[in-house]
Asker: 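What follows is a structure written as C-alpha cells; I'll ask about it next.
Indexing begins at 1, ligand by ligand and atom by atom, following the structure's order.
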Amino acid sequence: MKKGYFITFEGADGSGKTTQMKKVKSFLEEKGYDVVTTREPGALDTGEKIRNILLHSENPISDCCEMFLFLADRANHIEMFIKPNIKAGKVVLCDRYTDSTIAYQGYGRGQNIKLLKKLNKIATGNIIPDLTLLYDVSSETAMKRIGNEKDRMESESLEFHNKVRNGYLQLQKESPLIIKTINANNSIDEVFEETKKLINGLLQENQGV
Ligand code: TYD
C-alpha cells in the first residue's frame, strides 16, 4: 500500500509559504505522487464559513472565541479531509496547522500555551505532520509584502507579528526533527531550493517503508 504523507507549511502572513506549497505540489506530482492541497482556516464548506468570521468579521471577536473557532475548524478539517486523504496514500500539503494556533493565539495573543497544546491534541486526535516547513521572514519584510489590503489578523501591530515570529522559532527549537526552518527573506527560487532539499530528505527517509 502507498504511504501517505502529511506536510504542513507555517510562517508569518507574507512569508511566501503559499507560493512554495503550490511549487511543491507540482514538484511532487512530477515525481508521480498523488498530492492534495488544503489550508487552515477554510477547507471545505464549513471551514469557509468559519474563515469568513475569523478574517472578515466587522464586529470585534473575543480572543477566546477566536481560539475556539480556529480549533473548531481544525477538528472538522482533520476528520473530514486530512485523515482520509493520508489513509488513501496521498501527500497532503496543508497551509497552516497546529503551530499557527500556538504562534498566533499563544505567543501573539497571550493565551495559555500548555492549554493550547492540549486543545490542539483534542482537535486533531494527535495527528502530527511528517514534516513542517517553517518559512521565517523578518516582520518588516512580511508586512511590506502584504501591502495595504489586510485581513483582521494581518492588521495586527508589528509587535504582535514579532511575537508570532518568535513563537514559531521557539516551537522549532522544541521539535527540531519535525519543524525545519527556511530563510524566507531570500528569492522565491532560493527558498524553493531549500524546500526541495527538505522534501527530498523526508521522502528518502521513508523509502522502502
Ligand atoms: P490566510 O489568509 O490563510 O493567511 P496566509 O495566507 O498568510 O496564511 O489567513 C490565515 C490567518 O489566520 C493568518 O493571519 C494566521 C491566522 N491563524 C491563526 O491566528 N491561528 C490559527 O490556528 C490559524 C490556522 C491561522
Asker: Go through the structure and list residues passing side-chain hydrogen bond (donor to acceptor under 3.5 Å, both in side chains) with Thr141, not counting sequence neighbours.
Answerer: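 Scan of Thr141 (side-chain hydrogen bond (donor to acceptor under 3.5 Å, both in side chains), adjacent residues dropped) gives Ser138.
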
Asker: Going by an N to O cut-off under 4.0 Å, is there a salt bridge joining Glu156 and Lys163?
Answerer: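 No, this pair does not count.
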
Asker: Is Thr98 touching ligand 1 with its side chain, its backbone, both, or neither, if touching means heavy atoms under 4.0 Å apart?
Answerer: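 For Thr98, no heavy atom sits under 4.0 Å from ligand 1.
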
Asker: How about Tyr104 and Phe70: are their ring centres within less than 6.0 Å of each other?
Answerer: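 No.
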
Asker: Name the closest protein heavy atom to atom 2 (O) of ligand 1, giving the residue it belongs to and the distance to 0.1 Å.
Answerer: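 For this ligand atom, the closest protein heavy atom is Arg51 NH2, 2.9 Å.
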
Asker: Just need the protein heavy atom nearest to atom 22 (O) of ligand 1, so name the residue and atom and give the distance.
Answerer: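 Of the protein heavy atoms, Thr101 OG1, 2.5 Å lies nearest.
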
Asker: Nearest heavy atom to atom 11 (C) of ligand 1: which of Leu55, Thr18, Val164 does it belong to?
Answerer: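 Looking at heavy atoms only, the winner is Leu55.
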
Asker: For Glu40, take its heavy atoms, then give the atoms of ligand 1 lying under 4.0 Å from any of them.
Answerer: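 Listed by number with element, the hits are 24 (C).
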
Asker: Note the single closest protein heavy atom to atom 5 (P) of ligand 1, along with its residue, its atom name and the distance in Å.
Answerer: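 Checking every protein heavy atom, the shortest distance to atom 5 (P) of ligand 1 gives Lys17 NZ, 3.5 Å.
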
Asker: Tell me the closest heavy-atom pair linking Met153 and Leu55, and the distance in Å.
Answerer: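 That closest heavy-atom pairing would be CG-CD2, 3.7 Å.
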
Asker: So, are Glu79 and Lys83 salt-bridged, with charged N and O less than 4.0 Å apart?
Answerer: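 Between Lys83 and Glu79 there is a salt bridge, with a charged N closer than 4.0 Å to a carboxylate O.
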
Asker: For the pair Lys197 and Glu193, find out whether any cationic side-chain nitrogen is under 4.0 Å from an anionic carboxylate oxygen.
Answerer: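 Judged by the 4.0 Å cut-off on N to carboxylate O distance, Lys197 and Glu193 do not form a salt bridge.
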
Asker: So between Met21, Glu156, Arg96, Arg152, whose heavy atom ends up nearest atom 10 (C) of ligand 1?
Answerer: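 The residue whose heavy atom sits nearest atom 10 (C) of ligand 1 is Arg96.
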
Asker: Side chain, backbone, both or neither: which applies to Gln105 and ligand 1 if a contact is any heavy-atom pair less than 4.0 Å apart?
Answerer: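 The answer is the side chain of Gln105.
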
Asker: Inspect the surroundings of NZ in Lys150 and state if more than 12 heavy atoms from other residues, nucleotides or ligands are less than 6.0 Å away.
Answerer: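 It does: Lys150 NZ has more than 12 such atoms within range.
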
Asker: For ligand 1, which part of Asp151 has a heavy atom less than 4.0 Å away: the side chain, the backbone, both, or neither?
Answerer: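 The side chain, only.
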
Asker: Can you tell me the protein heavy atom closest to atom 4 (O) of ligand 1 and the distance?
Answerer: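 Minimum-distance protein heavy atom for atom 4 (O) of ligand 1 reads Asp13 OD2, 3.6 Å.
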
Asker: The criterion is side chain to side chain contact (heavy atoms under 4.5 Å, CB included); which residues satisfy it with Arg39, sequence neighbours excluded?
Answerer: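 In terms of side chain to side chain contact (heavy atoms under 4.5 Å, CB included), with neighbours along the sequence ignored, Arg39 is linked to Glu48, Arg51, Asp95.
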
Asker: How close does the nearest protein non-hydrogen atom get to atom 25 (C) of ligand 1, and which residue and atom is it?
Answerer: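 Nearest neighbour among protein heavy atoms for atom 25 (C) of ligand 1, to 0.1 Å: Phe70 CE2, 3.3 Å.
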
